[in-house]
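Keep in mind that what you see is a predicted model, and the values were worked out from it rather than measured.
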Amino acid sequence: MQRRPLGESGHDVPAVGMGTWRTFDVRTPGEMAARAEVLGEAIRAGATLVDTSPMYGQAERVLGRLLSGRRDEVLVATKVWTPDPAEGEIQVQRALRWFEGRVDICQVHNLVSW
């Protein structure tokens with residue numbers, strides 16, 4: 001897997017990361033187990049940058065659960081997406097809980113109420 005520097009952050013990231021939009025928006029234990037396999041294969045292949053968002057249904061929560069005990073293996077990128085500043089704070093705090101106190105890249109999903 002080709003890797004590149006992420007700006008001046010000091011992070012070295014894969015040229016291809018993993019998105020979670022539809023793949024990780026699941027709810028049942030069977031679906032979770034299948035996504036754990038997908039995530040494991042992606043990490044083994046070198047896709048150690050994973051992107052998610054509160055806009056992706058259950059994907060952010062599912063990724064957090066699947067990374068439990070493996071959090072140091074990937075960089076997590078998530079987003080804030082809301083026109084309400086209070087909800088933005090809730091989204092950030094929720095992501096921090098799900099990702100063991102650390103979000104590596106926090107993006108503004110759109111410029112609503114920036």
Side-chain angles (χ1 to χ4, degrees):
M1 173 80 61
Q2 291 183 357
R3 299 188 70 84
R4 298 190 175 116
L6 180 62
E8 296 179 13
S9 69
H11 290 294
D12 181 49
V13 297
V16 176
M18 179 177 186
T20 61
W21 175 36
R22 290 188 175 166
T23 308
F24 283 61
D25 183 17
V26 298
R27 288 158 183 80
T28 69
E31 291 172 313
M32 293 274 291
R35 286 0 175 243
E37 289 182 35
V38 169
L39 181 61
E41 286 298 320
I43 292 170
R44 282 188 285 283
T48 56
L49 173 62
V50 185
D51 176 81
T52 193
S53 169
M55 190 176 164
Y56 300 166
Q58 297 297 308
E60 197 177 33
R61 178 189 62 79
V62 168
L63 178 63
R65 188 164 176 194
L66 295 178
L67 286 175
S68 180
R70 305 183 74 173
R71 180 60 185 87
D72 289 337
E73 295 180 42
V74 301
L75 292 176
V76 171
T78 193
K79 302 169 190 79
V80 174
W81 180 77
T82 179
D84 178 4
E87 174 61 23
E89 179 66 25
I90 290 167
Q91 289 178 4
V92 169
Q93 292 304 317
R94 188 172 47 220
L96 289 170
R97 277 194 320 273
W98 286 334
F99 300 116
E100 300 178 7
R102 187 178 88 235
V103 170
D104 301 292
I105 302 167
C106 187
Q107 305 162 93
V108 175
H109 205 134
N110 58 38
L111 295 178
V112 172
S113 191
W114 66 277

Are [Y] and [X] connected into the same hydrophobic cluster when the rule is that any two of I, L, V, M, F, W, Y join if their side-chain heavy atoms are below 4.5 Å apart?
{"X": "Leu39", "Y": "Val13", "value": "no"}
{"X": "Val26", "Y": "Tyr56", "value": "no"}
{"X": "Val74", "Y": "Phe24", "value": "yes"}
{"X": "Val38", "Y": "Leu63", "value": "yes"}

field: Asp25 vs Arg61, salt bridge (Lys or Arg N to Asp or Glu O under 4.0 Å): CA-CA, chis, key distance, verdict
entry: CA-CA 9 Å; Asp25 183 17; Arg61 178 189 62 79; over 6 Å; no
Quick one: does [X]'s side chain have a donor or acceptor within less than 3.5 Å of a partner on [Y]'s backbone?
{"X": "Glu100", "Y": "Gly69", "answer": "yes"}
{"X": "Asp51", "Y": "Gly19", "answer": "no"}
{"X": "Glu31", "Y": "Arg27", "answer": "yes"}

What I'd like to find out is whether the side chain of [X] reaches to under 4.5 Å of the side chain of [Y], using heavy atoms alone.
{"X": "Val62", "Y": "Met32", "value": "yes"}
{"X": "Leu49", "Y": "Leu75", "value": "yes"}
{"X": "Thr20", "Y": "Val50", "value": "yes"}
{"X": "Phe99", "Y": "Thr52", "value": "yes"}
{"X": "Gln93", "Y": "Trp98", "value": "no"}
{"X": "Thr48", "Y": "Met18", "value": "no"}

query: Between Gly46 and Pro14, what is the shortest heavy-atom contact and its length?
result: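 Scanning both residues completely, I find the closest heavy atoms to be O-CB, 3.4 Å.
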Shortest non-hydrogen contact between Ala47 and Gly17, atoms and distance: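 Shortest heavy-atom contact: CB-C, 4.5 Å.
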field: Intermediate values then yes/no, side chain to side chain contact (heavy atoms under 4.5 Å, CB included), Val76 and Arg71
entry: CA-CA 9 Å; Val76 171; Arg71 180 60 185 87; 3.6 Å; yes
Which value, rounded to the nearest 0.5 Å, describes the distance between [X] atom [atom1] and [Y] atom [atom2]?
{"X": "Ser9", "Y": "Ile105", "atom1": "OG", "atom2": "CD1", "value": "7.0 Å"}
{"X": "Leu6", "Y": "His11", "atom1": "CG", "atom2": "NE2", "value": "7.0 Å"}
{"X": "Gln107", "Y": "Ser53", "atom1": "CD", "atom2": "OG", "value": "9.0 Å"}

- prompt: Which word best sums up how the rings of Trp81 and His109 line up, parallel for under 30°, tilted for 30 to 60°, or perpendicular for over 60°?
  reply: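 Aromatic pair Trp81/His109 classed perpendicular.
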task: Taking only Lys NZ, Arg NE, NH1 and NH2, and the carboxylate oxygens of Asp or Glu, determine whether Asp72 and Arg102 approach each other closer than 4.0 Å.
output: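 A salt bridge is present here (some side-chain N lies under 4.0 Å from a carboxylate O).
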task: Could you pull out all residues at least two apart from Thr23 that satisfy side-chain hydrogen bond (donor to acceptor under 3.5 Å, both in side chains)?
output: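 Not a single residue meets the side-chain hydrogen bond (donor to acceptor under 3.5 Å, both in side chains) criterion with Thr23.
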message: Does either side chain, that of Thr78 or that of Glu60, offer a donor lying less than 3.5 Å from an acceptor on the other one?
response: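 Side-chain D/A pair, Thr78 to Glu60: present.
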- prompt: Quick one: do the Arg94 and Gln91 side chains pair a donor with an acceptor below 3.5 Å?
  reply: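 No, Gln91 and Arg94 have no side-chain donor paired with an acceptor closer than 3.5 Å.
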- request: Test side chain to side chain contact (heavy atoms under 4.5 Å, CB included) on Ile43 and Arg70 and set out the steps.
  value: CA-CA 10 Å; Ile43 292 170; Arg70 305 183 74 173; 3.8 Å; yes
Pair listing, salt bridge (charged side-chain N to carboxylate O under 4.0 Å, His left out) test, anchored in residues 32-43, at least two apart: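 Matches after skipping sequence neighbours: Glu41-Arg44.
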Non-neighbouring partners of Arg65 that pass salt bridge (charged side-chain N to carboxylate O under 4.0 Å, His left out), sequence neighbours left out: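 Once residues adjacent in sequence are excluded, Arg65 has no partner under the salt bridge (charged side-chain N to carboxylate O under 4.0 Å, His left out) criterion.
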